[in-house]
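These notes are about the structure you will find just below.
In what follows, chains carry the letters A, B, and so on, assigned in the order in which the sequence lines appear, proteins first and then strands, with residues in each chain numbered from 1.
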Amino acid sequence: MCGRFTRTADVSTLAAAFPGVEFPDGTAPRYNIAPTQPAVVIVEGIGPGAVSPRAVSMVWGLIPHWAKDRKIGHSLINARAETLAEKPSFRTPFRDRRCLVVADGFYEWRKEAGRKVPMYIRIAGGRPFAFAGLWDSWRDGAEEVRTFTIITTASNGLVGAIHDRMPAIIPPDGYAAWLDVSGHRPESVFGLLVPYPSAEMEMFGVSAEVNDPRAEGPGLVVPAGPAWLIS
DNA sequence: CCAGACGTTGTT
DNA sequence: GTCTGG
DNA sequence: CCAGACGTTGTT
DNA sequence: GTCTGG
């Protein structure tokens, strides 16, 4: 699955990785994005006078627009690709509210003799990439809360060494199709929700500091354990 | 018709 | 054990 | 995902 | 909002 990730690239690096997308200035690097926290996502056509596509901030943990309270968001940090089309919480977002979640790595915890060791997984070289995401808007009185979830799929060979699920990563040539919801035909993008190739990724152990959701900073992604090279 | 649920992961 | 907060 | 809390009454 | 269960 995916319960913690990073987005460390600065605005100019992001602009190069996502041509045509404008990123707000002062987007500080994040080394430990946890559920309930805001993150940068790319959507098309939100808000008055929207230039599409655009980067906006949303809170991780999808709260469906019909939810009575925000608690459900805690459970909806991930959505299984296999069942998206049927689940009431995800069906409509999959059709009408898809997004790209901007990231450059994610953490998975490897179980080792009762212990949990955090591993950091990224695209080799560290370029920014995008998780497949869904979003919704929830109203808390006068306040509009935009939230998102990260879609998961089967693991590839690399991540599969520690866990059977991984976030779905959309390759750059799929960005436009994923964001284009104008056809309201999600079947046409379902094929993008496949395991990203192991050969293009790398994974290594990091400090257990990252266990604490309050931890932050570049030290979190320094290799501190075995590099895993499995494909 | 109304009431109530609506989700994922991991572990046992 | 289970829920909330980050 | 992990960390941390998990409760009531009354008084200041 | 939309679906399932009663």
- Task: Counting heavy atoms from C-beta on, name the nucleotide in B/dT8, D/dC1, D/dA3 closest to the side chain of A/Pro35.
- Result: D/dC1

- Message: Just to be sure I follow the notation: if a pair is Watson-Crick (purine N1 to pyrimidine N3 plus N6-O4 or O6-N4) or a G-U wobble (N1-O2 and O6-N3), each under 3.5 Å, what dot-bracket string does DNA chain C give, with | for pairs to another strand?
- Response: ||||||

- Hey, does A/Leu62 reach any base, or is it just sugar-phosphate, or nothing, if we go heavy atoms under 4.0 Å? nothing

- Hey, is the side chain of A/Thr152 poking within less than 4.0 Å of OP1 or OP2 on B/dT9, counting only N and O atoms? yes

- Outermost contacting nts on DNA chain C, any atom under 4.0 Å from chain A heavy atoms, listed 5' then 3', are C/dT4 to C/dG6

- Give one of base, sugar-phosphate or nothing for A/Trp109, where a contact means two heavy atoms less than 4.0 Å apart. sugar-phosphate

- Query: When you check the phosphate oxygens OP1 and OP2 of D/dG4, does a side-chain N or O of A/Arg214 lie under 4.0 Å from one of them?
  - Reply: yes

- Nucleotide nearest A/Arg4 (side chain, heavy atoms from C-beta), chosen from D/dC2, B/dG7, B/dC6: D/dC2

- Task: For A/Phe90, answer base if it contacts any base atom (sugar-phosphate contacts may also be present), sugar-phosphate if it contacts only those atoms, and nothing otherwise; contact means non-hydrogen atoms under 4.0 Å.
- Result: sugar-phosphate

- Report yes or no: do A/Tyr120 and A/Thr6 form a side-chain donor-acceptor pair below 3.5 Å? yes

- Query: With sugar-phosphate meaning primed atoms plus P, OP1 and OP2, does A/Asp164 contact a base, only sugar-phosphate, or nothing at under 4.0 Å between heavy atoms?
  - Reply: sugar-phosphate

- Message: Counting only side-chain nitrogens and oxygens, does A/Arg80 get under 4.0 Å of the OP1 or OP2 atom of B/dG7?
- Response: no

- Please determine if a side-chain N or O atom of A/Lys116 lies less than 4.0 Å away from the OP1 or OP2 oxygen of D/dC1. no

- Task: Respond yes when some side-chain nitrogen or oxygen of A/Ser89 is under 4.0 Å from OP1 or OP2 of B/dT8, and no when none is.
- Result: no

- Query: Passes ring pair (Phe, Tyr, Trp, His ring centres under 6.0 Å), A/Phe5 versus A/Phe131? Steps please.
  - Reply: CA-CA 10 Å; A/Phe5 68 99; A/Phe131 298 130; 5.5 Å; yes

- Query: Looking only at side chains, do A/Thr152 and A/Arg165 share a donor and an acceptor under 3.5 Å apart?
  - Reply: yes

- Query: Touch check for A/His65, heavy atoms < 4.0 angstrom, all strands: base, sugar-phosphate only, or nothing?
  - Reply: sugar-phosphate

